[in-house]
Student: 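Have a look at this one.
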Amino acid sequence: MKTPFHIMLIPTLGCPSNCKYCWSSEEGSPVMNIQVVKDVVSWLSDFRDDPVTITFHGGEPLLAGPDFYRQALPLLAQGLAKNKPSFAIQTNLWRMTPELADIFAEYHIPIGSSIDGPEDITDYQRGDGYFQKTMAGYRVAREHGLNIRFICTFTGYSEKQRESIVQFFIDQGFTMKLHPALPSLRSESPNEWALAPEKFGDLLVYLLDQSLDHYHEIDIMNINDLVRCVFTRRGNVCTFADCMGNTYAIGPDGSIYPCYRFVGMDEYVMGNVRDRPTQKDLDESKPGRLMNDFKAYVDTHCSSCSHNKYCRGGCPYNAIAPSGGEITGVDPHCIAYKRIFDEITDRMNTEMFEAPPMFGGFGPGQTGTGMGKTKPGIMALMQKIALQ
């Protein structure tokens, strides 16, 4: 079976919003021209034959405008037909129009957007008016049949309001994906909005409980991914996998990076699509060697951890970028990852090996809640994930 790989196209680093915990940029930042897309097709057509997912990211990718997507999507779809390309986009939806929605619907493009919970919390963290602008774009997208999921960024501020945030997602019927706010690399107060690893661990355990308590009401993608990691013993999303060699980001000028998070940081440029670098060229670039050095570091540093096979030290960006490109440790969120992986493992083992027999007992995937009542457990959640 062929290995899927992921290309992230960054049409611009510009963004019209100004989230307090983000590295915002000016709306006038350069926008990718269509020649770069043609160079991408020329490079990838000979690079590898595996299925490819192409995600438009940013900045705010809708700033590229409808003409860009009207040209770029058929170039990519037809030029990379042997790779069976699928597409996705991450956008705040502010610039969504019926014209853009029609283009994305033609290519069945799922949309990832961002909202941090109720309007007051979202606007406090992301700026006045953010909530209403995103919801207006959401309505346009939904009217054209597009599927939208939301990333919820938890900060040191919003983590304290986790109950109302989860209830908001339940009430709206939204699937949740969460990000912990990271220390800023561009702020004089880098930890002002950051979510501490210990708090992130507490939050993940809380969200695991919410996934089970509201089994039929909410899907929390991160919890599903974490459960799947433990159950299958392999990483299945970029944070918990050897992403090096299977994920690349391409900036507005055609520069190639290990991941979208590095885009705009010159020291992490691996090459340029116009030069059609080989896998060897990328591996032997300075950032490529650094990524592989991190992989080797994890093999040694995390060798005694029972979760190493599917955690892989967490996100390389989180580990490397804050230290200025030096490998001094793994992802600082290791504390949180270990906490939730241990929790899932312990609960799964209890359900599988210590639960009473099916007759007269709770059965696999269920736990007692008193008075003969049961609620879903880890095994039930895994079954739900498998059926999705």
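Everything numeric here is computed off the predicted structure, so don't read it as measured data.
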Student: I'd like to check the side chain to side chain donor-acceptor pair (under 3.5 Å) partners of Arg289; sequence neighbours left out, ordered by chain and number.
Tutor: none
Student: Please work out whether the ring planes of Tyr157 and Trp193 are parallel, tilted or perpendicular, with thresholds of 30° and 60°.
Tutor: perpendicular
Student: Are any of the side-chain nitrogens in Arg339 or Asp202 under 4.0 Å away from the carboxylate oxygens of its partner?
Tutor: yes
Student: Once side chain to side chain contact (heavy atoms under 4.5 Å, CB included) is applied, do any residues pair with Ser306, and if so which ones, sequence neighbours excluded?
Tutor: none
Student: Kindly state each residue pair satisfying salt bridge (Lys or Arg N to Asp or Glu O under 4.0 Å) with at least one member in residues 301-319, sequence neighbours excluded.
Tutor: Asp242-Arg312, Asp299-Arg312
Student: Does the side chain of Arg149 come within less than 4.5 Å of Pro110's, by heavy atoms?
Tutor: no
Student: Run the salt-bridge test on Lys20 and Glu192 with the 4.0 Å N-O cut-off and return the result as yes or no.
Tutor: no
Student: Can you name the residues that form a salt bridge (charged side-chain N to carboxylate O under 4.0 Å, His left out) with Asp283, not counting sequence neighbours?
Tutor: none
Student: Which pairs with one or both residues in residues 210-236 pass salt bridge (Lys or Arg N to Asp or Glu O under 4.0 Å), sequence neighbours excluded?
Tutor: Asp213-Lys375, Asp219-Lys384, Asp225-Arg228
Student: What residues form a side chain to side chain contact (heavy atoms under 4.5 Å, CB included) with Pro98, not counting sequence neighbours?
Tutor: Val140, His144
Student: Any chance you could lay out the ring-ring contact (aromatic ring centres under 6.0 Å, His included) test for Phe262 and Tyr257, step after step, and finish with the verdict?
Tutor: CA-CA 6 Å; Phe262 292 105; Tyr257 301 82; 7.9 Å; no
Student: For Asn272 and Asp253, indicate whether the former's side chain and the latter's backbone hold a donor-acceptor pair under 3.5 Å.
Tutor: yes
Student: Output all residues satisfying side chain to side chain contact (heavy atoms under 4.5 Å, CB included) with Ala64, sequence neighbours left out; order by chain, then residue number.
Tutor: Pro11, Val31, Phe68, Tyr69
Student: Any carboxylate oxygen within less than 4.0 angstrom of a Lys/Arg side-chain nitrogen, looking at Arg347 and Glu343?
Tutor: yes
Student: Please table the atom pairs, donor to acceptor, closer than 3.5 Å between any side-chain atom in residues 324-331 and protein atoms at least two apart or in another chain.
Tutor:
| unit_1 | atom_1 | unit_2 | atom_2 | d |
| --- | --- | --- | --- | --- |
| Asp331 | OD1 | Asn318 | ND2 | 3.4 |
| Asp331 | OD1 | His333 | N | 2.8 |
| Asp331 | OD2 | Cys315 | N | 3.0 |
| Asp331 | OD2 | Asn318 | ND2 | 3.1 |
| Asp331 | OD2 | Tyr337 | OH | 2.7 |

Student: Return the set of residues passing side chain to side chain donor-acceptor pair (under 3.5 Å) with Asp346 (not counting sequence neighbours), or none when no residue passes.
Tutor: none
Student: Sequence neighbours excluded, which residues qualify as side chain to side chain donor-acceptor pair (under 3.5 Å) partners of Tyr138?
Tutor: none
Student: What residues, two or more places apart in sequence or in another chain, satisfy ring-ring contact (aromatic ring centres under 6.0 Å, His included) together with Tyr130?
Tutor: Trp94
Student: Any donor-acceptor pair under 3.5 Å linking the side chain of Asn83 with the backbone of Asp50?
Tutor: yes
Student: Residues in side chain to side chain contact (heavy atoms under 4.5 Å, CB included) with Glu119, at least two apart?
Tutor: Asp123, Phe131, Gln132
